[in-house]
Structures are given as C-alpha cells and as structure tokens.
K.L.:
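Have a look at this one.
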Amino acid sequence: MPHYWLMKSEPDCFSIQDLEAAPCKTSMWDGVRNYQARNFLRDQMQIGDGILFYHSNVKEPAIVGTARVTSRPYPDPTAFDPSSEHFDPKSSLRNPRWFVVNVQHVLTFPSPLTRDFLKTHPVLCTMDVLKKGSRLSVLPVTEAQWKAIEMLCCADG
DNA sequence: GCCAACGTTGGC
DNA sequence: GCCAACGTTGGC
C-alpha cells in the first residue's frame with residue numbers, strides 16, 4: 001500500500017521547476033538533516049509513494065505539484081562529501097546517518113494550492129504542515145488529504 | 001526582517 | 001540527564 005508525503009523545499013534552493021528540468025525529471029532528495037524526517041524517509045518510504053511538493057520560505061508558501069518516490073532509501077552521499085554544505089563528519093559509509101530517496105516529477109499544478117487556501121479547506125486544514133511550529137521537511141499525508149488534492153487538481157484542469 | 005517554535009549542543 | 005544557550009526554520 002502506498003504512502004503519501006509532503007516534502008518541503010525552498011524554491012530558491014530547489015524548486016519543482018528544477019525537478020521537472022532534471023534529467024528524467026528525477027532528482028535525489030538530499031540534505032535531510034532532521035532525525036524525525038530522516039526516520040520517515042528511511043523507514044517508511046517505498047517506491048511509488050506519492051509526494052506533495054511544497055515551496056517553503058517564500059511570500060506565498062504552497063503545494064505546487066506532485067512527485068513520486070522512485071528508489072528505495074539509500075545513504076545520503078552529500079553527508080560524506082567534505083565540500084558539501086550538508087557534510088556530516090559523523091556519518092560514515094559503514095554507519096550512515098542520513099538517507100535520501102530519488103524522486104520523479106509528476107505534475108506541476110496550474111495554480112498552486114496556497115497555505116492560505118489549505119487552511120480554508122475542510123479536509124486539507126488538518127494537514128501537519130499547517131500546524132504551528134511544524135518544521136519537519138518530510139511529513140506524512142493521509143489518504144483523505146491526498147484524495148482531496150487529486151480532486152482539486154481535476155477541477156482545476 | 002522579526003520572532004516564535006523547535007532541535008541540538010555542551011557544561012555541569 | 002538536566003537545562004541554558006545557541007542555531008535554524010519558516011510563517012508572517
């Protein structure tokens with residue numbers, strides 16, 4: 001059974017347009033450096049899982065599209081790279097601390113589902129990403145929430 | 001740019 | 001293992 005996730009990215013750093021422009025529209029989701037988010041990613045993500053792509057730290061934070069998980073979790077290579085800003089000397093090949101999955105672009109919404117809009121929606125207002133103080137970059141999404149978004153996108157198109 | 005919320009660090 | 005200090009996140 002597939003799971004659904006919301007994954008945050010600052011578009012100045014990596015946007016859904018960047019993902020769509022990547023080779024095979026696929027990119028490694030690296031740089032997760034929070035244990036709770038890491039655990040979701042490492043322990044629960046499966047190939048085929050659905051992803052809501054969320055743009056954070058911008059004027060209008062929003063879910064801007066969807067993607068899917070296309071690999072199993074594997075150790076984050078940026079953690080081993082001293083030249084990477086995500087380098088972590090405590091992560092080793094033998095005992096990796098941080099993980100990634102590959103994600104492939106599926107859809108960019110014609111109009112993003114803004115945070116303000118999500119708050120007004122009877123189902124989507126329950127999303128974890130709206131909770132005060134929510135800082136995890138990887139968050140679980142319920143099937144009901146996913147379905148609600150699927151329906152909105154059909155209505156949109 | 002402000003600041004509340006949260007996670008991490010490190011002295012004790 | 002407590003907790004104060006500090007750094008980061010991210011909405012506003």
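Sequence lines set the chain letters: A, B, ... in the order given, protein chains first and strands last, and positions in each chain run from 1.
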K.L.:
For DNA chain B, whose closest nucleotide is more 5', that of A:Asn57 or that of A:Leu136?
P.N.:
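Per heavy-atom nearest nucleotide, the more 5' residue is A:Asn57.
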
K.L.:
Output side-chain donor-acceptor pairs under 3.5 Å for residues 117-127 of chain A, partner residues at least two apart or in another chain, one line each.
P.N.:
unit_1	atom_1	unit_2	atom_2	d
A:Thr120	OG1	A:Phe117	O	2.6
A:His121	ND1	A:Val123	N	3.0
A:His121	ND1	A:Leu124	N	3.0
A:Thr126	OG1	A:Val123	O	2.7
A:Thr126	OG1	A:Gln145	NE2	3.0

K.L.:
Taking the six-membered ring for Trp, are the ring centroids of A:Tyr35 and A:Trp98 within less than 6.0 Å of each other?
P.N.:
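Yes, they do, as the ring centres are separated by less than 6.0 Å.
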
K.L.:
Are side-chain heavy atoms of A:Thr66 and A:Trp146 found at a separation under 4.5 Å?
P.N.:
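Contact flag for A:Thr66/A:Trp146 side chains = yes.
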
K.L.:
Can A:Asp116 and A:Thr114 be said to form a side-chain hydrogen bond (donor to acceptor under 3.5 Å, both in side chains), step by step?
P.N.:
CA-CA 5 Å; A:Asp116 284 343; A:Thr114 67; 5.4 Å; no

K.L.:
Reading DNA chain B in the 5' to 3' direction, which nucleotide is the first one with an atom under 4.0 Å from a heavy atom of chain A, and which is the last?
P.N.:
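Going 5' to 3' along DNA chain B, contacts run B:dA5 to B:dT9.
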
K.L.:
With a 4.5 Å cut-off on side-chain heavy-atom distances among I, L, V, M, F, W and Y, is there a chain of contacts connecting A:Val141 to A:Ile47?
P.N.:
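They do not share one cluster, since no chain of ILVMFWY contacts under 4.5 Å joins A:Val141 to A:Ile47.
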
K.L.:
Describe, as an angle rounded to 10 degrees, how the axis at the first end of the helix from B:dG1-C:dC12 to B:dC12-C:dG1 is tilted relative to the axis at the last end, five pairs per end.
P.N.:
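Both end axes considered, the difference amounts to 10°.
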
K.L.:
For A:Arg33 and A:Ser91, which I'm curious about, is there any donor-acceptor pair between the side chains at under 3.5 Å?
P.N.:
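The criterion, which ignores hydrogens and geometry beyond distance, is not satisfied for A:Ser91 and A:Arg33.
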
K.L.:
In residues 124-133 of chain A, what residues come within less than 4.0 Å of DNA chain B, judged by heavy atoms?
P.N.:
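A:Lys132, A:Gly133 - these, ordered by number, are the residues of the stretch whose heavy atoms sit under 4.0 Å from the strand.
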
K.L.:
List in chain and number order the residues that pass ring-ring contact (aromatic ring centres under 6.0 Å, His included) with A:Phe80, two or more places apart in sequence or in another chain; answer none if no residue qualifies.
P.N.:
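If we apply the ring-ring contact (aromatic ring centres under 6.0 Å, His included) test to A:Phe80, skipping adjacent residues, there are no hits.
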
K.L.:
Is there a side-chain contact between A:Val32 and A:Phe99 (heavy atoms, below 4.5 Å)?
P.N.:
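No, too far: nothing below the 4.5 Å cut-off.
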
K.L.:
Give one of base, sugar-phosphate or nothing for A:Lys59, where a contact means two heavy atoms less than 4.0 Å apart.
P.N.:
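Since no nucleic acid heavy atom lies under 4.0 Å of A:Lys59, the category is nothing.
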
K.L.:
Report yes if some heavy atom in the side chain of A:Pro140 is under 4.5 Å from a heavy atom in the side chain of A:Gln44; otherwise report no.
P.N.:
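Counting from C-beta outward, A:Pro140 and A:Gln44 never come under 4.5 Å.
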
K.L.:
If the condition is ring-ring contact (aromatic ring centres under 6.0 Å, His included), which residues does A:Tyr54 pass it with, not counting sequence neighbours?
P.N.:
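Partners of A:Tyr54 under the ring-ring contact (aromatic ring centres under 6.0 Å, His included) test: none.
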
